[in-house]
Amino acid sequence: VSAVDGFGVESAFSDGTNYFIYLLDVNIRVFLEGPFLGSQMSTALNTNNLIPLNQPYDMPPWDYMGTESVPAMPNADVVDWILIELRETPGGPGTATGSTVIYRKAVLLKKDGYLTELDGASALSFPVSFDQNIFVVVYHRNHLAVMSAVPVTPNSGSYSYDFSLGSGQVYGGTLGYKEIGNGYWGLVGGDGNADSQVNNLDKVDVWSPVAGTSGYLAGDFSLDGQANNADKNDIWAPNTGLGGQVPE
């Protein structure tokens with residue numbers, strides 16, 4: 001792309017020649033239905049040391065080969081890993097297909113809904129330049145993915161997007177999104193096989209084989225470290241029939 005939005009960071013090659021890395025700073029807030037409790041999310045996976053130290057999206061359907069890892073979870077507020085994707089298009093959200101992806105990275109989700117860099121505190125920063133509309137896609141390993149309904153827009157020198165404010169914040173609205181608390185909206189739980197549909201396969205192929213066990217499980221829709229009837233009855237069953245609306 002030819003024009004640049006965002007902020008430049010000056011650096012240098014080994015020969016002393018200066019160059020600029022342009023950073024797109026984005027402050028994103030998003031909630032997951034499974035661990036949501038009132039106004040924030042449970043950190044049970046973190047408390048029980050079940051969150052892997054390496055990003056978990058290096059498998060189908062994401063096939064993200066990033067090397068993000070931490071020596072330990074940076075603080076007690078971390079809920080889980082999230083995969084973020086930026087898509088650039090001159091048109092509206094319907095044109096932000098998979099072919100428009102310009103950057104992906106694995107980040108951390110805190111209990112207050114904010115996404116952070118691997119330090120568990122900093123807002124997200126992307127080394128990209130752009131001159132068209134940027135849409136943000138949020139993936140979680142057993143919740144339906146969502147994409148911003150409108151391009152991210154600047155706010156006090158950075159970019160900000162709060163997915164939790166309502167169904168109008170995501171492309172496709174309530175077809176793949178829901179109110180998870182009083183005034184809070186979040187990603188739909190129960191998509192255990194991450195195929196963008198909550199259906200019987202998520203129960204039969206994902207939840208049933210691990211029911212009654214503990215760990216970092218795709219069938220643990222509540223993210224409490226246990227695959228049990230509550231995951232099936234309270235999260236999967238009410239969401240059966242819902243599907244992700246992120247353009248392919």
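All heavy atoms count here, side chains included; hydrogens, waters and symmetry mates do not. Computed from a predicted model, the values in this text were never measured in an experiment.
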Legend entry - Note, Asp25 side chain near Ser125 side chain (heavy atom, < 4.5 Å): yes

Legend entry - Approximate separation, where rounding is to 0.5 Å, of Ser164 OG and Gln169 CD: 8.0 Å

Legend entry - 4.5 Å side-chain heavy-atom contact, Pro247 and Thr97: yes

Inset, instruction - Please assess Gln197 against Thr240 for the test side-chain contact (heavy atoms from CB on, under 4.5 Å), listing each intermediate value before the final yes or no. - result: CA-CA 8 Å; Gln197 300 292 324; Thr240 299; over 6 Å; no

Inset, instruction - Spell out, as yes or no, whether a donor-acceptor pair under 3.5 Å connects the side chain of Ser222 to the backbone of Asp231. - result: no

Inset, instruction - Is it possible for you to say whether Leu32 and Trp81 belong to one hydrophobic cluster, with membership spreading through side-chain heavy-atom contacts below 4.5 Å? - result: yes

Inset, instruction - Tell me, with the steps shown, if Met147 and Val170 meet side-chain contact (heavy atoms from CB on, under 4.5 Å). - result: CA-CA 5 Å; Met147 186 179 76; Val170 305; over 6 Å; no

Inset, instruction - Give me the ring orientation class for Phe36 and Tyr184: parallel if the planes are under 30° apart, tilted from 30 to 60°, perpendicular past 60°. - result: tilted

Legend entry - Side chain to side chain, Val138 and Ile84, heavy atoms closer than 4.5 Å: yes

Legend entry - ring pair (Phe, Tyr, Trp, His ring centres under 6.0 Å), paired with Tyr103, selected from Phe126, Phe135, Tyr64: Phe126

Legend entry - Under-4.0 Å salt bridge between Glu33 and Lys178: yes

Legend entry - Ring center gap for Tyr57 and Tyr139 short of 6.0 angstrom: no

Legend entry - Ion pair check, Lys105 and Glu117, cut-off under 4.0 Å: yes

Inset, instruction - Return the minimal non-hydrogen interatomic distance between Ala227 and Gly219, and the atom names on each side. - result: CB-O, 4.1 Å

Legend entry - Trp185 backbone acceptor or donor facing Glu179 side chain under 3.5 Å: no

Inset, instruction - Measure the spacing between CG of Asp202 and CG of Asn193 and express it to the nearest 0.5 Å. - result: 4.5 Å

Legend entry - Minimum-distance pair of heavy atoms, taken over all atoms of Ala194 and Pro61: O-CG, 3.2 Å

Inset, instruction - Measure the shortest side-chain to side-chain distance between Leu124 and Asn27 over non-hydrogen atoms and say whether it is less than 4.5 angstrom. - result: no

Legend entry - Between Tyr161 and Phe163, ring centroids under 6.0 Å: yes

Inset, instruction - Over all heavy atoms of both residues, which pair between Val204 and Pro209 is shortest? Give the atoms and the distance, please. - result: O-CD, 3.4 Å

Legend entry - Test item: Asp220 side-chain N/O and Gly225 main-chain N/O as donor-acceptor pair under 3.5 Å: yes

Inset, instruction - Please check if Val150 and Phe130 belong to a single hydrophobic cluster, counting links between Ile, Leu, Val, Met, Phe, Trp and Tyr side chain heavy atoms closer than 4.5 Å. - result: yes

Inset, instruction - Give the minimum heavy-atom separation between Trp207 and Lys232, together with the two atoms involved. - result: CH2-CE, 3.4 Å

Legend entry - Point-to-point distance, once rounded to the nearest 0.5 Å, from CG of Leu24 to CD1 of Ile134: 6.5 Å

Inset, instruction - Return yes if some donor-acceptor pair links the side-chain N/O of Ser208 with the main-chain N/O of Lys203 below 3.5 Å, else return no. - result: yes

Legend entry - Any donor-acceptor N/O pair, Asn133 side chain to Gly92 backbone, under 3.5 Å: no

Inset, instruction - Give the minimum heavy-atom separation between Pro35 and His143, together with the two atoms involved. - result: CD-NE2, 4.2 Å

Legend entry - Cluster overlap Ile180 with Val198, hydrophobic side-chain contacts below 4.5 Å: no

Legend entry - Side-chain ion pair, Asp112 and Arg29, N-O less than 4.0 Å: no

Inset, instruction - Considering non-hydrogen atoms only, spot the tightest contact between Pro74 and Asp119 and give its length. - result: CB-O, 3.3 Å

Inset, instruction - Enter the distance from His140:NE2 to Leu83:CG here, rounded to the nearest 0.5 Å. - result: 11.0 Å

Inset, instruction - Report the C-alpha separation of Leu223 and Val79 in whole Å, then their side-chain angles, then the decisive distance to 0.1 Å, and conclude whether the side-chain contact (heavy atoms from CB on, under 4.5 Å) test is met. - result: CA-CA 8 Å; Leu223 308 192; Val79 175; 4.3 Å; yes

Legend entry - Approximate separation, where rounding is to 0.5 Å, of Asn199 CG and Trp236 CH2: 8.5 Å

Legend entry - Verdict with supporting geometry, Val146 and Tyr177, side-chain contact (heavy atoms from CB on, under 4.5 Å): CA-CA 8 Å; Val146 296; Tyr177 205 51; 3.7 Å; yes

Inset, instruction - Report yes or no: do Leu217 and Leu109 belong to one cluster of Ile/Leu/Val/Met/Phe/Trp/Tyr joined by side chain heavy-atom distances under 4.5 Å? - result: no

Legend entry - Pairwise side-chain contact, Leu86 with Val101, heavy-atom cut-off 4.5 Å (strictly under): no

Legend entry - Asp58 side-chain N/O to Met65 backbone N/O, donor-acceptor pair under 3.5 Å: no

Inset, instruction - Please indicate whether Asn233 has more than 12 foreign heavy atoms, meaning atoms of other residues, nucleotides or ligands, lying under 6.0 Å from its CG. - result: yes

Inset, instruction - Look at the side chain of Gln245 and the backbone N and O of Gly243, then say whether any donor-acceptor pair between them is shorter than 3.5 Å. - result: yes

Inset, instruction - Check whether any side-chain heavy atom of Asp191 sits under 4.5 Å from a side-chain heavy atom of Asn142, and report yes or no. - result: no

Legend entry - Student check: side-chain heavy atoms of Leu115 and Val30 closer than 4.5 Å: yes

Legend entry - Backbone of Gly192 reached by a side-chain donor or acceptor of Arg141 within 3.5 Å: no

Legend entry - Donor-acceptor under 3.5 Å (Glu88 side chain, Thr100 main chain): no

Inset, instruction - Rounded to the nearest 0.5 Å, what's the gap from CG on Asn75 to CG on Asn46? Could you check? - result: 7.5 Å

Inset, instruction - May I ask you to decide if Trp62's main-chain N or O and Arg104's side chain share a donor-acceptor pair within less than 3.5 Å? - result: yes

Legend entry - Flag side-chain contact, heavy atom, 4.5 Å: Leu144 against Leu187: no

Inset, instruction - Please answer: with hydrophobic residues joined when any side-chain heavy atoms are less than 4.5 Å apart, are Phe221 and Leu50 in the same cluster? - result: no

